[in-house]
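Reminder, nothing fancy here: chain letters follow the sequence lines and each chain counts from 1.
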Protein chains: 2
Amino acid sequence: MKKYNTKTIPRATAKRLPLYLRNLTILDSKGIARIKSKELSEITQVPPATIRRDFSYLGELGRSGYGYEVAFLIKVFSEILDSNEENKIAIVGFGNLGKALANNNFRRNQNLMITCVFDNDPAIIGQTIAGFYVYSMDDFKQVIQEKNVKTAISTVPSEYAQEAIDIVVNSEITAILNFAPDRVEVPANISIRYIDLTTELLTLLFFDRNYKKTSLAVTS
Amino acid sequence: MKKYNTKTIPRATAKRLPLYLRNLTILDSKGIARIKSKELSEITQVPPATIRRDFSYLGELGRSGYGYEVAFLIKVFSEILDSNEENKIAIVGFGNLGKALANNNFRRNQNLMITCVFDNDPAIIGQTIAGFYVYSMDDFKQVIQEKNVKTAISTVPSEYAQEAIDIVVNSEITAILNFAPDRVEVPANISIRYIDLTTELLTLLFFDRNYKKTSLAVTS
C-alpha cells in the first residue's frame, strides 16, 4: 500500500512535511496547480535548496525548471503522514468538546476511530451518550488495555489537565493530543501535541490587522 | 501599553513569530530557560542568522554568545501577537463545538470575547442556550453590524461550510477561523485560517511512530 519508507526520511525533513502540506493545500485551494521550489520557499521560509533536498528523499516529485505539481505533492505528503494503520482513540473528558469530537469521529479518515470515552463526572459515568458508553477514569488503564488503544485526546481544562494526563500516561497510551494549551508533564516516551485555539485566533487577527491582502499563506 | 510597533516588522519575520512562540513555549515547558539562535534554529529549521535578524527588529532581546531568555521571548512575542484591543467574536454553528467554544470563551485572554452565536436550526433559534441567545443566520449581517463584530469562528461542517461562509463574508466580518478543513472561497479582503484536527492528529501519530524519544519539538 505504502510506497514511501518513512524510516529513510531525515528527522529534519519529516518535521517540515506538515508545514509543506499545510501550505500546499492552501495553494491548491487558490487554484495554483504548479509551484517551483523558489516560490514555495517564499511562502514557507524554508530555503529553496532545502526544499529540493527534502523532496528528493521522497522520489521523483518534479522536474528541474518545471516545478512541482501541487496536487501530486499533496497526495504524496498525505500518504506519508498517514500510516494506513488503524488508530483507536480514547477521548478523555466528555463535555461539549469531547462530544463534538465523538460526533465527528474523524470520519474523513477511515484509519482514525474514537473507540471509547472517559469522564470523572458520576452524573454521566455508566451512561450511553451520543452513542458512546462513558467509562470512569478509574477504569482507564484497564479499558485501554482491553481495547488496545494507544492514542488519547484530552479535552480536560487546564486546571485539571495534569491530573487527567497522569492517569493517561500510566496506561498503554503512547500519544496524546491535548486541547488544554498549558504544558503538562509527561514521561519522555510519550508523544504529546497541543492545540492552542487562543494562539490560533490571535495569529489570525495579527495577520488580519497587519498584512491585509498581502499574505499568500501563513506558515505557522 | 504596547512597546512594539508591529508595522515595522517585515512580513517574513511576522510569519515566523507564531512558529517561534509555539516552540519557545514547548522549550519553556521542558524547563529550558535560555537558548542560543543556533539551538533554536535546529528546532525551528530557520537559519540562525535569520533568527538573529528577526529578533533584532524586536529590540534588545539577548546578548551575543549568551543566548536568549526563553521566558522573556515568550512574553515579548505574546505581546506582539496580542493587540490588547477588544475583539468581539461571532460563533457560526451552535452545536457541541460551538457550545464548547462559548463555554470556554477564551477566558485566558480578556481581549477575546464571544459576543453572539448563530445557527440555522429552527429548533434552537430564538432560545437561550449556555447563556447565549441563538440568532438565525438570516439576521447575521444585521446583528454583526449592531454589535460591531469583526471576527467569526465557523463550526459548520465542510458540506455546509461554503453556504455559511458566503453569509459571513457578506457582512462586516473581516477574519474567519474555520473548523472545517476543506478550503472555502472568500474575497481577497477576508483573512481566513483553518483548524484541521485530522492533520494535527496524523502529525502527532507520525512523530510517535517514527521519531520516538528523539524529537525535542515539532515545528509545524
Side-chain angles (χ1 to χ4, degrees), chain A residues 6-7 11-12 14-19 21-22 25-26 28-29 45-47 50 80-83 87 95-97 99-101 103 106 108-109 112 151 153 174-175 177 183 188-189 191 193 195-215 218-220, chain B residues 6-7 11-12 14-19 21-22 25-26 28-29 45-47 80-83 87 89 95-97 99-101 103 106 108-109 112 151 153 174-175 177 183 188-189 191 193 195-215 218-220:
Chain A
T6 53
K7 291 289 184 196
R11 181 166 148 249
K15 277 190 177 182
R16 286 185 286 266
L17 286 185
L19 174 70
L21 186 56
R22 190 181 304 197
T25 54
I26 294 172
D28 185 54
S29 73
Q45 302 298 319
V46 176
T50 304
I80 291 170
L81 217 52
D82 195 346
S83 68
N87 283 287
N96 283 316
L97 180 55
K99 277 182 266 184
L101 292 166
N103 276 334
F106 300 99
R108 299 154 59 88
N109 187 309
L112 303 175
T151 307
I153 300 179
T174 65
L177 192 65
R183 267 47 193 171
N189 62 329
S191 304
R193 192 171 173 90
I195 306 279
D196 184 348
L197 295 178
T198 299
T199 297
E200 296 286 347
L201 189 56
L202 289 176
T203 303
L204 169 73
L205 295 171
F206 177 73
F207 279 91
D208 188 53
R209 285 194 307 277
N210 296 302
Y211 300 93
K212 204 74 184 177
K213 293 186 186 188
T214 62
S215 179
V218 176
T219 63
S220 81
Chain B
T6 53
K7 291 290 184 195
R11 180 166 151 251
K15 277 189 177 182
R16 285 185 286 265
L17 286 185
L19 175 69
L21 186 56
R22 191 181 302 198
T25 53
I26 294 171
D28 185 54
S29 74
Q45 301 298 320
V46 176
I80 291 171
L81 216 53
D82 195 347
S83 67
N87 282 287
I89 301 158
N96 283 317
L97 181 55
K99 276 182 265 185
L101 291 166
N103 276 334
F106 300 98
R108 299 155 58 89
N109 187 309
L112 303 175
T151 307
I153 300 178
T174 65
L177 192 66
R183 267 48 193 171
N189 62 330
S191 304
R193 192 171 173 91
I195 307 278
D196 184 348
L197 296 178
T198 299
T199 296
E200 295 286 346
L201 189 57
L202 289 176
T203 303
L204 168 73
L205 295 171
F206 178 74
F207 278 91
D208 189 54
R209 283 194 307 277
N210 295 302
Y211 300 92
K212 205 74 184 175
K213 293 187 185 186
T214 63
S215 178
V218 177
T219 63
S220 82

Handout entry: Best-contacting candidate, A/A100, A/P47, A/G95, against chain B by heavy atom pairs under 4.5 angstrom
Key = A/A100
Problem - Per-residue contact mode, B/T151 against chain A (heavy atom under 4.5 angstrom) - result: side chain
Practice task
Identify which part of B/L204 has an atom lying under 4.5 Å from any heavy atom of chain A, answering side chain, backbone, both or neither.
Solution key: both
Problem - Residue part contacting chain A, namely of B/L17, when any heavy atom lies under 4.5 Å - result: side chain
Handout entry: CG on B/L101 to CG on A/N96, rounded to 0.5 Å
Key = 9.5 Å
Practice task
Under 4.5 Å heavy-atom distance to chain A, tell me which part of B/I195 shows up: side chain, backbone, both or neither.
Solution key: side chain
Handout entry: Heavy-atom closest contact (B/A14 atom, A/F206 atom, distance)
Key = CB-CE2, 3.6 Å
Handout entry: Part of A/T25 lying under 4.5 Å from any heavy atom of chain B
Key = both
Exercise for the section: Mind checking the OG1-CG spacing from A/T203 to B/L81? Nearest 0.5 Å is all I need. Expected result: 4.5 Å
Exercise for the section: Could you check if a side-chain atom of A/L201 sits within less than 4.5 angstrom of a side-chain atom of B/I89, using non-hydrogen atoms only? Expected result: yes
Completion exercise
So, the part of B/L202 with a heavy atom under 4.5 Å from chain A: the answer is both
Problem - CZ on A/R193 to CG on B/L205, rounded to 0.5 Å - result: 10.5 Å
Exercise for the section: Look up atom CG in A/L177 and atom CG in B/L197, then write down how far apart they are to the nearest 0.5 Å. Expected result: 7.0 Å
Exercise for the section: Verify the distance criterion only: is there a donor paired with an acceptor across the side chains of B/D208 and A/T174 at less than 3.5 Å? Expected result: yes
